[in-house]
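Heads up, the thing below is written out as C-alpha cells.
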Amino acid sequence: MHETFIRIEKIYYMTLVIIGVPVNLLAIVILSRGKCGLSTCTTRYLVAMAMADLLVIITDVILWRFKDDYFPWTFLDITPVCSVIIVLSRVATDCSVWFTVTFTFDRFVAICCQKLKTKYCTAKTAAVVLTTTCILLCFKNIPFYFTYEPGWITDNVPWGCYNKLNYFTEPGWVGFDWFDTVLTPLLPFALILLLNTLTVRHILVASRVRKGLRGQSKGKNHSDPELESRRKSVILLFSISGSFILLWLVFVVQFLHYIFEGAILTFSVYVFQKVGSMLRLLSCCTNTFIYGVTQSRFREQFKSMVKYPVASIIQLINKQQ
C-alpha cells in the first residue's frame, strides 16, 4: 500500500507540473497586458501571486521532489546547492501565501475603507507592499540554509541535505521553527478569515442601507452599478482566499494535531501529512482557473491567445500554398 501511494504521489506531482507551469505563465502574460478590466493595483497583486505560485512549482516540485527520480546524482545533490533550493522553495511558498494576504487586505480596504482607499489602493502602494514583503521573507528564510548538513562527502564534495540534529533540540532553532510555522500559514490563515469576515459584515450593512435608500426594501427593483461592481470584486476576492483556506486546511489541521497529540508514526498519519502537502501545492494552480471562471475579460484574452498561434499557422500555410 505504501508503494502504491508513492506511485500515486509521483503521478500527481507530474500532473501538477504539466498543468501548473503553463497556466501560471498564461496568467502572468494575460494579466500583465492589462486588458482584463481590473485596476492596475489589483493586477499587480494577481501577477505577483502567479509568479510566486510558478516559483513554488519550479523549486518545490521540479528541483526538489523530482530531484532523486529524474535528476539523480547531479549538481542538485551537492549540499550547498540543495540547501539553496530548499531556501528558495520556502521563500516562494511564503511569498505565495503572504501575497494572498496582501491582496485580501487591499480588497478589504477598497471595499470597507473608502477614505483610505484613494491613498492605499494604488499601483505604487502595491509595488511597495509586494517588494517589501518579498525582501522581508527572503531575509527570514536565510537561516534555513545553515540547518542542513551533508549525508556523505566524496572527493571533498559534500552531498545530500539532512537536518542537523541540533535543529530539533537547540532552543533557538526550535523557537525559530515555531516562528516559521506561525508566520506561514497560521497567521495568514487567521488574517484571511478575519478580513473576509469583516468584509462580509460591511457588505451586508452597506447593502441594506443602499437598498433602503433606493426603495428596494419596498419591493421595487432597480439596478445598482455600485453594488454590481462590488459584487464582482467580492467574488474574485472570496474565490481566491476561499481556495487558499480550503487547500491549506489539511496542512493546518495536521500541524494542530502534532501540537496536541505529538508525533505519531502511523501509515494513516503519513498519508494525512502527504495529502496536506499535495493540496498545499495544488493551491499554486487554482488561481488561473478562478480568473477564468469569475472574469469574463480574462476568458476573452485567454481565447484570443489560444486562437492566435492557430490562426498564424493557418495563415502561414495559406501563404505557402
(Q) Could you see if Phe66 belongs to whatever hydrophobic cluster contains Phe5? Use Ile, Leu, Val, Met, Phe, Trp, Tyr and a side-chain cutoff under 4.5 Å. (A) yes

Q) Can you name the closest pair of heavy atoms from Pro143 and Thr147 and give their distance? A) O-CG2, 3.5 Å

**Q.** Phe176 vs Phe144 side-chain heavy atoms within contact, under 4.5 Å
**A.** yes

(Q) So, using side-chain hydrogen bond (donor to acceptor under 3.5 Å, both in side chains) as the criterion, who are the partners of Thr133 when residues are at least two apart? (A) none

**Q.** Side chain to side chain, Thr125 and Cys41, heavy atoms closer than 4.5 Å
**A.** no

Q. Any side-chain heavy atom of Thr199 sitting closer than 4.5 Å to one from His202?
A. no

Q. Between Ile240 and Leu55, is there a shared hydrophobic cluster once you connect ILVMFWY residues whose side-chain heavy atoms come closer than 4.5 Å?
A. no

Q: Give me the other members of the hydrophobic cluster that Ile11 sits in, counting Ile, Leu, Val, Met, Phe, Trp and Tyr linked by side-chain heavy atoms under 4.5 Å, directly or via other members.
A: none

Q. Just wondering, do Tyr162 and Trp152 contact through their side chains at under 4.5 Å, heavy atoms?
A. yes

Q: May I ask whether Val253 and Val275 are part of the same hydrophobic cluster, defined by side-chain heavy atoms of I, L, V, M, F, W, Y residues being less than 4.5 angstrom apart, directly or through others?
A: yes

(Q) How about Cys134 and Cys95 - are their SG atoms less than 2.5 Å from one another? (A) no

Q.
Membership question, hydrophobic clusters at under 4.5 Å side-chain separation (ILVMFWY): are Leu165 and Trp173 in the same one?
A. no

Between side-chain atoms of residues 290-300 and protein atoms elsewhere (two or more places apart, or another chain), which donor-acceptor pairs fall under 3.5 Å?
| from | atom 1 | to | atom 2 | distance (Å) |
| --- | --- | --- | --- | --- |
| Thr294 | OG1 | Ile290 | O | 2.8 |
| Arg299 | NH1 | Gly292 | O | 2.8 |
| Arg299 | NH1 | Val293 | O | 3.0 |

Q. Between the main-chain N or O of Cys161 and the side-chain N or O of Thr79, is there a donor-acceptor pair closer than 3.5 Å?
A. no

Q: Would you indicate whether Lys140, at its atom NZ, is surrounded by more than 12 heavy atoms from other residues, nucleotides or ligands within a distance under 6.0 Å?
A: yes

List the atom pairs, donor and acceptor, that lie under 3.5 Å between side-chain atoms in residues 99-111 and the rest of the protein, sequence neighbours left out.
| from | atom 1 | to | atom 2 | distance (Å) |
| --- | --- | --- | --- | --- |
| Thr100 | OG1 | Ser96 | O | 2.9 |
| Thr102 | OG1 | Trp98 | O | 3.3 |
| Thr102 | OG1 | Phe99 | O | 2.8 |
| Thr104 | OG1 | Thr100 | O | 2.7 |
| Arg107 | NH2 | Thr42 | OG1 | 3.3 |

Q. Are Trp159 and Ile153 side-chain neighbours, meaning at least one heavy-atom pair lies under 4.5 Å?
A. no

Q: Tell me who clusters with Val23, hydrophobic residues only, linked when side chains sit under 4.5 Å apart either directly or through other members.
A: Ile19, Phe289

Q. So do Tyr12 and Leu281 actually touch side chain to side chain, heavy atoms under 4.5 Å?
A. no

Q) In the single-linkage hydrophobic clustering (I, L, V, M, F, W, Y; side-chain heavy atoms under 4.5 Å), do Ile8 and Val61 co-cluster? A) no

Q) Out of curiosity, Met49 CE to Leu130 CG, how far, rounded to the nearest 0.5 Å? A) 10.0 Å

**Q.** Main-chain N/O of Ile235 paired with Ser239 side-chain donor or acceptor, under 3.5 Å
**A.** yes

Q. Counting heavy atoms not belonging to Leu204, are there more than 12 under 6.0 Å from its CG?
A. yes

Q | Close side-chain approach of Phe168 to Asp177, heavy-atom, < 4.5 Å | A | no

Q. Which pair of heavy atoms, one from Ile203 and one from Val234, lies closest together, and at what distance?
A. CD1-CG2, 3.1 Å

Q: Return the minimal non-hydrogen interatomic distance between Thr93 and Val56, and the atom names on each side.
A: N-CG2, 3.6 Å

Q) Are Asp77 and Asp68 close enough that some pair of their side-chain heavy atoms sits under 4.5 Å apart? A) yes

Q: Apply side-chain contact (heavy atoms from CB on, under 4.5 Å) to the pair Ser89 and Leu63, showing each step before the final yes or no.
A: CA-CA 9 Å; Ser89 173; Leu63 295 181; over 6 Å; no

Q: Mind jotting down which residue pairs meet the side chain to side chain donor-acceptor pair (under 3.5 Å) criterion with at least one end in residues 22-35? Sequence neighbours excluded, please.
A: Arg33-Gln301

Q | Within 6.0 angstrom of Phe302 CZ, more than 12 heavy atoms from elsewhere | A | no

Q: Starting from the C-alpha separation in whole Å, work towards a yes-or-no answer on side-chain contact (heavy atoms from CB on, under 4.5 Å) for Tyr13 and Val17.
A: CA-CA 6 Å; Tyr13 285 128; Val17 171; 5.7 Å; no

Q) Looking only at heavy atoms, what is the nearest atom pair of Leu31 and Thr43, with distance? A) O-CG2, 3.1 Å

